[in-house]
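To start, the structure itself, in structure tokens.
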Amino acid sequence: MAAISFSEEDLVCPQCSGIYYLPVLLKCGHNICRVCLQKFWEWKGSRECPVCGTVAVPGRPPINLALKLAADKYQVKNTGEDQDVCYLHKEKLTIFCQNDEEPICLVCQMSKQHKVHECCPVDEAAQQKKTEISAMLETLRKKLRILDQTKVHWEETKDYIQSQAHQNEEAIKEEFEKLHLFLWEEENSRLKVLKQEEEVKTQVMREKLENIKDQIKTLSSTISDIEAALRAKDLPFLQGYKQTKKRAKSNVKEPGCIRDILINSAKHLGSLRFGIWKKMANIVTCAPVTLDPNTAQTNLKFSEELTCVQYCSKQLSPDNPERCTNRVCVLGATGFTSGKHTWTVQVGQGKDWYIGVAQESIKRKSTVFLNPSEGFWVIGLCNGDSFWAQTSTRTKLVLKQKPEKITIHLDYDKGKVVFINAADLTKIHTFKDQFKERVFAYFSPGLCEDGKTSSPLKICPLTVKVDVESTCIQ
């Protein structure tokens, strides 16, 4: 088959006036760039030929392979030529079309395609577009810096997760070791009591057996002697009659019943697990609030099953969204959306601290004031001598004595937060508001009077009771 020859004009798309890129052949015989045709159809809303208006057949128009090869060959051929010359008109590219965003020549500017377009000189356009691209480049660089920083942050977070898991694993093992030790000691104690009972009762039976053995031996001997006397002749029998009669009258008592001699299994095995559980209540504590280390400022450390917090040297912790970095504080792990809740905080001898409640949406990364308008309902001690309620305009509290334990009553539904001196049950302050979202217990520990030793805030444990309730089954 002879090769088809195309002129330069044959390679120009009638829609975009550029060299064909993936030309497709329509039923009417016209060729159009595939992208140009798709855009035209989307704009027109019908499958018409942009040149003659003939409706195209359903389906995707085929690519004119011969025309595509010729257009590609022409593009390759002209790649090495002078890039400053228009490949259509062989004129210098001195104009930039703002609409099509491409350099054109003066003839192109007067053509139908560009006549109504906004154009400007190449040097002016280059300066403008370089500024535009530079701004876009800076945006990309900024995004790259953010991605790099995020990558580092996420790598640190991954390492912290592993470290956190290891610390939690060690803490769990330590607590279970304590429980194992308690159970081991309780087991040994109960086995010791059982062994003592066994030894005592075995000794009692041993002594009784020795006694009855002696009685059996004596009685057996007496019986043998009497039987021998009965076998004797009359005169000898009568001669020894008094002695034989006396021995026959031997008062041998029958062995009595030995009560409570068996092992008291009911004592050792009855409600064994319950008894251990009840005794375990003496060593187990239960706090009404647990602190959440993931919300803590990085200078805080925790102890006693996350119920005690104090200021210390800075910890390596990721800046996760939940973490408070604006203040040295930590939130409770469980939030409240209804009901009444109470917990008592041991403030000790700290010279600066704040306690109360805070709503979930507080600003955790920027500086805020501790007042209700910012989502805080707290009281605190400043400089070791003045107590304040952090109201909109903070209120100084006059107290008869410096409290060491403060009870906080939260009534979510009534919008009340009440602070009470746990020592004499006197009311310190009451906040009245309306809660519209989840709130959390709030803790901010300070320093002791010497300014060096950290003063902890500790959540006082609840009294653990093990009660038995009788259930009558009918």
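Side chains are part of it too, since the values below use all heavy atoms of this structure and drop only hydrogens, waters and symmetry mates.
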Checklist entry - What distance do Asn326 atom CG and Ile362 atom CD1 have between them, rounded to the nearest 0.5 Å? => result 7.0 Å
Checklist entry - Measuring from Met136:CE to Thr139:OG1, what's the distance to the nearest 0.5 Å? => result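 Answer for the CE-OG1 pair, Met136 versus Thr139, is 8.0 Å.
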Side-chain contact, heavy-atom cut-off 4.5 Å: [X] with [Y]?
{"X": "Thr54", "Y": "Leu26", "value": "no"}
{"X": "Val200", "Y": "Glu197", "value": "no"}
{"X": "Trp343", "Y": "Thr307", "value": "no"}
{"X": "Thr334", "Y": "Thr290", "value": "no"}
{"X": "Leu381", "Y": "Phe387", "value": "yes"}
{"X": "Asp100", "Y": "Gln113", "value": "yes"}
{"X": "Ile32", "Y": "Phe40", "value": "no"}
{"X": "Val347", "Y": "Leu457", "value": "yes"}

Next on the checklist: Working note: Glu132 + Lys129, criterion salt bridge (charged side-chain N to carboxylate O under 4.0 Å, His left out); need CA distance, chi angles, decisive distance, verdict.
Outcome noted: CA-CA 5 Å; Glu132 177 186 334; Lys129 297 305 179 183; 3.5 Å; yes
Heavy atoms from other residues, nucleotides or ligands near [atom1] of [X] exceed 12 (cutoff 6.0 Å):
{"X": "Lys432", "atom1": "NZ", "answer": "no"}
{"X": "Phe336", "atom1": "CZ", "answer": "yes"}
{"X": "Glu155", "atom1": "CD", "answer": "yes"}
{"X": "Lys278", "atom1": "NZ", "answer": "no"}
{"X": "Lys365", "atom1": "NZ", "answer": "yes"}
{"X": "Phe274", "atom1": "CZ", "answer": "yes"}

Checklist entry - Cys324 and Arg364: side chain to side chain contact (heavy atoms under 4.5 Å, CB included), yes or no, with the steps? => result CA-CA 4 Å; Cys324 297; Arg364 308 188 183 201; 4.1 Å; yes
Next on the checklist: If you apply the rule side chain to side chain contact (heavy atoms under 4.5 Å, CB included), what do you find for Cys382 with Trp388, and how did you get there?
Outcome noted: CA-CA 8 Å; Cys382 297; Trp388 299 87; 3.8 Å; yes
Next on the checklist: I'd like to know if Lys178 and Glu175 make a salt bridge, using a cut-off of under 4.0 Å between side-chain N and carboxylate O.
Outcome noted: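 A salt bridge links Lys178 with Glu175.
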Item to check | Sidechain N-carboxylate O distance under 4.0 Å for Glu198, Lys195 | outcome: yes
Item to check | Single hit among Tyr442, Phe443, Phe431 for ring-ring contact (aromatic ring centres under 6.0 Å, His included) with Phe376 | outcome: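 For Phe376, the ring-ring contact (aromatic ring centres under 6.0 Å, His included) test succeeds with only one of Tyr442, Phe443, Phe431, which is Tyr442.
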Item to check | salt bridge (charged side-chain N to carboxylate O under 4.0 Å, His left out) between Glu169 and Lys173, intermediate numbers included | outcome: CA-CA 6 Å; Glu169 179 183 351; Lys173 288 181 178 179; 3.1 Å; yes
Next on the checklist: For Leu106, is there any backbone N or O sitting under 3.5 Å from a side-chain donor or acceptor partner on Glu91?
Outcome noted: no
Item to check | Asn294: which of Gln164, Arg323, Glu322 passes side chain to side chain donor-acceptor pair (under 3.5 Å) | outcome: Gln164
Checklist entry - Who are the side-chain contact (heavy atoms from CB on, under 4.5 Å) partners of Thr285, not counting sequence neighbours? => result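 Listed in chain order: Glu305, Pro461.
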Item to check | Exercise: identify the closest heavy-atom pair between Val328 and Ser444 | outcome: O-OG, 2.7 Å
Item to check | Shortest non-hydrogen contact from Trp41 toward Ala56 | outcome: CZ2-CB, 3.8 Å
Checklist entry - Hey, mind stepping through Gln15 and Cys33 against side chain to side chain contact (heavy atoms under 4.5 Å, CB included) and telling me if it holds? => result CA-CA 8 Å; Gln15 183 65 14; Cys33 292; over 6 Å; no
Next on the checklist: I'd like to know whether Glu138 forms a salt bridge (charged side-chain N to carboxylate O under 4.0 Å, His left out) with Arg145, so could you lay out the CA-CA distance, the side-chain angles of the two residues, the decisive distance to 0.1 Å, and finally the verdict.
Outcome noted: CA-CA 10 Å; Glu138 184 56 35; Arg145 288 194 296 270; 3.3 Å; yes
Checklist entry - Mind checking whether Phe176 and His180 have parallel, tilted or perpendicular rings, split at 30° and 60°? => result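 Aromatic pair Phe176/His180 classed tilted.
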Item to check | side chain to side chain donor-acceptor pair (under 3.5 Å) pairs, two or more places apart, involving residues 28-37 | outcome: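 Residue pairs passing side chain to side chain donor-acceptor pair (under 3.5 Å), neighbours aside: Asn31-Asn64.
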